[in-house]
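Written out below as C-alpha cells is the structure these notes cover.
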Amino acid sequence: MTAKIILGTEVAKEIREELKKEVASLKEKHGITPGLVTILVGEDPASVSYVTGKQKTAKELAFHSLQDTQPADISEARLLELIDKYNRDKNIHGILVQLPLPKHINETRILYAIDPKKDVDGFHPVNLGKLMIGEADYLPCTPAGIQQLLIRAGVPIDGAEVVVVGRSNIVGKSIANILLQKAAGANATVTICHTRTRDLASHTRRADILIVAAGKPKAVTADMVRPGAAVIDVGVNRIGMTPEGKAKLCGDVDFEAVKEIASVITPVPGGVGPMTIIMLMANTVKAARLAAEKK
Ligand code: GUN
C-alpha cells in the first residue's frame, strides 16, 4: 500500500478561501480589518524566511499588516516598550514576535508581555493554560494546523491511539493536549515520547496516528510504523542548499520508506509548514472578531 499524501499547501488554500470570506464579512458588518504585526529581531535566515511568508499571506488576505524589523542588539527594555505600544494599538489585533530571540533577551519575559488577547501565536502562558482546560481562544499555530490536517483528511481521531514524538511546549505538549480534549476532532488516547523514552519503537508501533516533532532527520524509520498508520511529520531540518540558493529541507520521518507502509503521510516541505502560517491568520481573524464583538 502506498500512502495518500496530505498536502498542507492544498488544505491551507481551502482555509485561506474560508478566511477571505470572514475578513470581508468583518469589514462589512463591523468596519474592522484584521491587523497583524510581526516583529523580527536580527537577520537569522530561517526567521527572515518564516516572517516573509507570514507577511505575504497576511497581505493576500487583505489584513492591515505590519513588519517591524529590529537590530539584533536591541535591548530587552526597548523590545518590551514596542510590545506595549502594539498592545495599546487598536488597529493591531495580533502580535507575533518571531523566535528564537538573541541570547541577551529573555524570551519568556517577552512572551509574558504580549496581551493574551493579541497572542495569536498562542504562546502566552495564559493561553497555554486555557488550552489545557479546554478553554483556549488561540491554539498554538503548528498543533492547530496538525489537527486541521487530520480532520480535513478524514483521519478518525475519536478513540485513536495517538503517539507524539517530542515534548516541546509548542508542538509536542500542545498537540497532545489538543487531541486529548473532550471535543470534536479530539478524544484520542495520547502518549508523548521524548529523548528519555525507553524503546521508542515499541510506542510508535502502536500508533494509529503518529506525530513526529523530534528535530532529527530519520528519527522515525519504516520499522517503527504500524501498517495503515497516519503519519504527521513536523520536522524542518535544513540539509544544505538547492542550486537556486534555497534551503533544502527534510522532515523527521524517512518519507520514502514510511509512505509504503502508512495510510496517509505529510511531506516536508508542503505538509505541516503551510498550515502553521494559515492558522496564524485564522487566529488573527478570530482576535479581530473577538475585539469587534466586545465593542
Ligand atoms: N519560530 C519558529 N516557529 C515559530 C512560530 O510559529 N512562531 C514564532 N513566533 N516563532 C517561531
Side-chain angles (χ1 to χ4, degrees), residues 8 12 15 35-58 63 65-70 72 74 76 79-80 82-83 86-87 92-103 105-128 131 136 138-149 166-175 177-178 211-216 232-238 247 249 251-252 268-269 271-284 286-287:
I15 297 174
L36 174 69
V37 59
T38 50
I39 303 174
L40 173 64
V41 179
E43 293 170 356
D44 169 63
S47 293
V48 170
S49 155
Y50 286 137
V51 165
T52 306
K54 289 166 189 177
Q55 278 295 324
K56 181 168 167 273
T57 311
F63 282 13
S65 65
L66 207 63
Q67 170 58 38
D68 190 336
T69 304
Q70 295 293 330
I74 187 176
E76 186 179 291
L79 189 54
L80 288 169
L82 273 179
I83 290 169
Y86 292 122
N87 278 343
I92 294 292
H93 304 100
I95 302 171
L96 177 139
V97 179
Q98 187 65 29
L99 304 178
L101 289 168
K103 292 214 171 5
I105 297 175
N106 181 326
E107 233 165 59
T108 308
R109 210 172 286 150
I110 297 299
L111 294 178
Y112 268 88
I114 297 171
D115 182 344
K117 292 190 193 70
K118 298 192 177 188
D119 169 41
V120 287
D121 247 335
F123 288 1
H124 193 288
V126 163
N127 286 323
L128 288 172
L131 158 59
Y138 308 114
L139 295 176
C141 304
T142 299
I146 294 169
Q147 185 188 34
Q148 282 301 312
L149 278 180
R167 57 177 156 182
S168 69
N169 290 334
I170 295 314
V171 182
K173 285 183 204 161
S174 292
I175 190 63
N177 263 302
I178 291 171
I211 299 171
V212 190
K216 194 171 122 198
I232 305 290
D233 189 348
V234 195
V236 185
N237 302 293
R238 287 164 186 255
L249 303 180
D252 291 349
V268 178
V272 173
M275 295 301 293
T276 298
I277 297 188
I278 206 67
M279 297 320 290
L280 172 72
M281 304 302 143
N283 277 346
T284 307
K286 186 171 186 186

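Indexing begins at 1, ligand by ligand and atom by atom, following the structure's order.
Residues satisfying the side-chain hydrogen bond (donor to acceptor under 3.5 Å, both in side chains) criterion with Lys286, sequence neighbours excluded, are absent altogether. Under the side-chain hydrogen bond (donor to acceptor under 3.5 Å, both in side chains) criterion, Tyr50 pairs with no residue, sequence neighbours left out.
Between the side chains of Gln55 and Thr57, no donor-acceptor pair of N or O atoms lies under 3.5 Å. Looking at Tyr138 and Asp121, their side chains never bring a donor and an acceptor atom within 3.5 Å of each other.
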Enumerate the pairs of nitrogen or oxygen atoms, one from ligand 1 and one from the protein, separated by less than 3.5 angstrom; state names and distance to 0.1 Å.
residue	atom	partner	partner atom	Å
ligand 1	1 (N)	Gln98	NE2	3.1
ligand 1	1 (N)	Leu99	O	2.9
ligand 1	7 (N)	Asp121	OD1	3.1
ligand 1	7 (N)	Asp121	OD2	3.3
ligand 1	9 (N)	Val97	O	2.8
ligand 1	9 (N)	Asp121	OD2	2.6
ligand 1	10 (N)	Gln98	NE2	3.4
ligand 1	10 (N)	Leu99	N	3.0

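For residues 37-57, the salt bridge (Lys or Arg N to Asp or Glu O under 4.0 Å) pairs, not counting sequence neighbours, are Lys56-Glu60.
Of all the heavy atoms in Thr284 and His93, the pair that sits closest is O-CB, 4.3 Å.
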